[in-house]
Amino acid sequence: MSDTANKKAVTAADRPILRNKIYLYMTEFFAGMSVMAVELGASRLLAPYFSSSQIVWTIIIGTIMIAMALGNIYGGRKVDKNPNPDKLYGRIIFAAIWIALIPVVGKYIILGISGLLVFTISTNFLVIAAFAACMLIFVFPLFLLGTVTPSLVKYTVDSLDDSGKVVGTLNASNTIGSIIGTFVPTFISIPAVGTSVTFLIFAGILLALAIAYFISAKVFVKKVPIAMVLFILCCIFGRSGSFAFWQKHLTVEDESIYNYLQVKEDDREVVLSTNVLFGVQSVYVKERELTGMYYDYAMAAPYMADIYEKDRPLDVLILGMGTGTYATQCRRFFGEMYIEGVEIDQKITDLAHTYFELPEDVPVATYDGRAYLNALSSDRWKKDSQFGTEDGKYDVIMVDAYQDITIPFQMSTVEFFTMVKDHLRNDGVMVVNMNMKGSQKEEGAHEANINDYLADTIASVFQEVVTVDVIGATNRELFASVNPGMLDRFTANRAKEKDPSLIRMMQVVEDSKVIYRAGDHIMTDDKAPVELLGMQVIDEMIRDEVAYYKQIYEEKGLSGLLDSL
């Protein structure tokens with residue numbers, strides 16, 4: 001029996017706040033707004049651990065729709081049996097507190113699920129772990145919010161004469177709330193105050209809505225003061241935006257419209273990470289040395305573009321500028337160059353200038369890489385923009401926009417690479433950083449991996465394609481050109497190099513390079529399954545990484561595993 005149970009059945013007519021129906025429409029509005037806010041918050045909560053790929057979005061949308069559908073069914077049945085609106089607003093209180101608890105415990109649940117599953121499954125880890133996390137964290141509160149609409153229909157429809165109008169108004173209220181709940185987190189609250197506080201804001205809105213109802217109804221329920229105390233505690237302990245809560249002494253931890261951002265710094269280097277589980281995205285070495293990462297291998301591109309035979313500085317375009325490590329390194333070792341970058345995340349560009357010493361005279365356009373190439377072809381762009389060369393062409397174009405599994409499909413197709421070729425000079429070179437090096441093809445498996453697809457697609461556009469695997473990393477650098485003398489130019493120009501560190505690095509490239517033999521795995525704008533292909537490599541990487549710890553667990557048990565960690 002509930003706290004508000006009476007001898008007679010309570011209906012909406014017994015609650016003055018509901019009689020003019022405005023409050024019912026407000027309830028529908030805020031419920032719709034909160035559902036979308038939670039959905040967008042879910043994507044940001046999961047992204048640092050599972051990426052923000054289409055696969056993860058599909059899981060989020062799918063689980064939320066399951067929760068809402070079940071809530072609709074349950075809410076409809078419950079309100080037919082007992083039309084007491086106290087029940088509905090009680091459920092809203094439970095939903096609000098659950099949502100407020102997500103910033104407090106959500107990341108621990110995600111890591112706990114990941115830790116359990118990584119030792120028990122060998123395929124589809126990303127899908128299973130993300131689905132399990134969504135089910136545990138988000139399904140219950142959204143199930144409760146799913147009960148709102150059928151309950152409100154029961155309270156608002158007085159007769160069949162105006163039922164269409166009333167239900168239409170309810171749906172409009174929900175839709176308008178959903179629209180606002182879509183835009184506010186993405187463009188206002190998450191960039192301004194972070195994902196954690198965003199959850200707390202919308203939880204607070206739902207809680208205030210329900211408390212206002214019970215106060216106006218002059219009904220005391222124990223859950224109201226308990227909920228208020230729990231919400232205050234969540235606000236105290238859930239405000240931390242730290243996704244990598246085990247890490248200390250971070251220089252920067254922030255969120256942008258696109259990314260979770262983390263900067264770590266020590267005496268030797270500065271590192272940018274945009275997620276927790278998939279490594280680092282940018283490294284700046286303070287001693288002005290080579291990084292030991294893929295940037296060093298990509299330095300072969302200027303040699304292939306005939307840097308020491310031209311009577312002018314090279315023009316370089318970097319799609320996926322990040323913090324500008326490649327640009328800084330090219331300037332550091334090759335001197336004068338015209339370099340411009342494209343980076344979709346303005347906050348990363350700001351970090352590049354503040355912490356990574358990106359030269360101020362290197363312009364960076366806040367743009368999508370493919371859209372930028374499209375814009376370069378526009379006569380108006382050439383006339384009005386500060387970006388771009390006079391002829392819209394470059395000697396080197398670096399494509400470094402692939403981040404863990406989140407490979408933008410629009411930058412992985414024949415159409416995209418054809419655009420890159422059109423913006424290269426005749427002896428120009430494209431270098432692509434492919435950061436999920438798989439081994440399926442090398443081991444003779446029949447199924448090609450993401451890098452095979454990318455390389456085959458590139459080879460269908462460029463005549464000359466060479467790959468180089470980065471030692472001790474999952475990266476693979478691909479160099480492509482329409483110039484058949486690309487490798488001859490590389491040999492001739494590296495022979496003229498005077499810097500000892502570059503001489504050694506280019507020898508590594510020479511020893512590791514493989515002339516790519518093209519297959520027929522071609523990706524187009526119509527069909528580019530990059531997420532599924534990337535997931536295969538993620539599974540392979542996880543299997544390789546945990547094999548050692550699985551063996552320890554099998555031999556020494558949990559205590560031995562903990563000792564090894």
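Just so it is clear, the model here is predicted, and its values are computed rather than measured. Heavy atoms only: backbone and side chains are in, while hydrogens, waters and symmetry mates are out. Quick note: residue numbers are just sequence positions, from 1.
Residues K286 and E265 are paired through a salt bridge, judged by an N-O separation under 4.0 Å between the basic side chain and the carboxylate. Of the charged side-chain nitrogens involved, none lies within less than 4.0 Å of a carboxylate oxygen, so that R268 and E287 do not count as a salt-bridged pair. The pair D422-K393 does not count as a salt bridge, with every side-chain nitrogen at least 4.0 angstrom from each carboxylate oxygen. Ion pairing between D306 and R425 fails under the 4.0 Å rule for side-chain N and carboxylate O. Taking 4.0 Å as the cut-off between side-chain N and carboxylate O, D315 and K310 do not count as a salt-bridged pair. With respect to the salt-bridge test (charged N to carboxylate O, under 4.0 angstrom), the residues D427 and R489 qualify.
Under the 4.5 Å side-chain criterion, counting only non-hydrogen atoms from C-beta, F416 is in contact with L373. Put simply, the side chain of I458 reaches to within 4.5 Å of the side chain of M430, judged on heavy atoms. Put simply, the side chain of V127 reaches to within 4.5 Å of the side chain of I55, judged on heavy atoms. Side chains of L46 and I60 form a contact here, defined as non-hydrogen atoms less than 4.5 Å apart.
Relative ring orientation between Y453 and H521 is described as tilted, the plane-to-plane angle lying within the 30° to 60° band.
Taking the six-membered ring for Trp and the full ring otherwise, the centers of F462 and Y516 sit at least 6.0 Å from each other.
Separation of atoms CZ (F138) and CG (L45) is listed at 4.5 Å; rounding is to 0.5 Å. For the atom pair CG (L424) and CZ (F417), the distance works out to 12.0 Å, reported to the nearest 0.5 Å.
Between the side chain of S412 and the backbone N or O of F409 there is at least one donor-acceptor pair closer than 3.5 Å. Of the possible polar contacts, none joining the Q410 side chain to the R370 backbone as a donor-acceptor pair under 3.5 Å is found. In this structure, the side chain of H423 engages the main chain of G392 through a donor-acceptor pair within 3.5 Å. Looking at E497, its side chain does come within 3.5 Å of a backbone N or O of D499 through a donor-acceptor pair. Side-chain atoms of T274 do not come within 3.5 Å of backbone N or O of L261 as any donor-acceptor pair. The backbone N or O of N449 sits less than 3.5 Å from a side-chain atom of D452, completing a donor-acceptor pair.
When the options F334, F479, F333 are evaluated for a ring pair (Phe, Tyr, Trp, His ring centres under 6.0 Å) with Y303, the one that passes is F334. Screening D469, N475, D400 for a side-chain hydrogen bond (donor to acceptor under 3.5 Å, both in side chains) involving Y294 leaves a single residue, D400.
Across every non-hydrogen atom of L290 and V285, the tightest pair is O-CG2, 4.0 Å.
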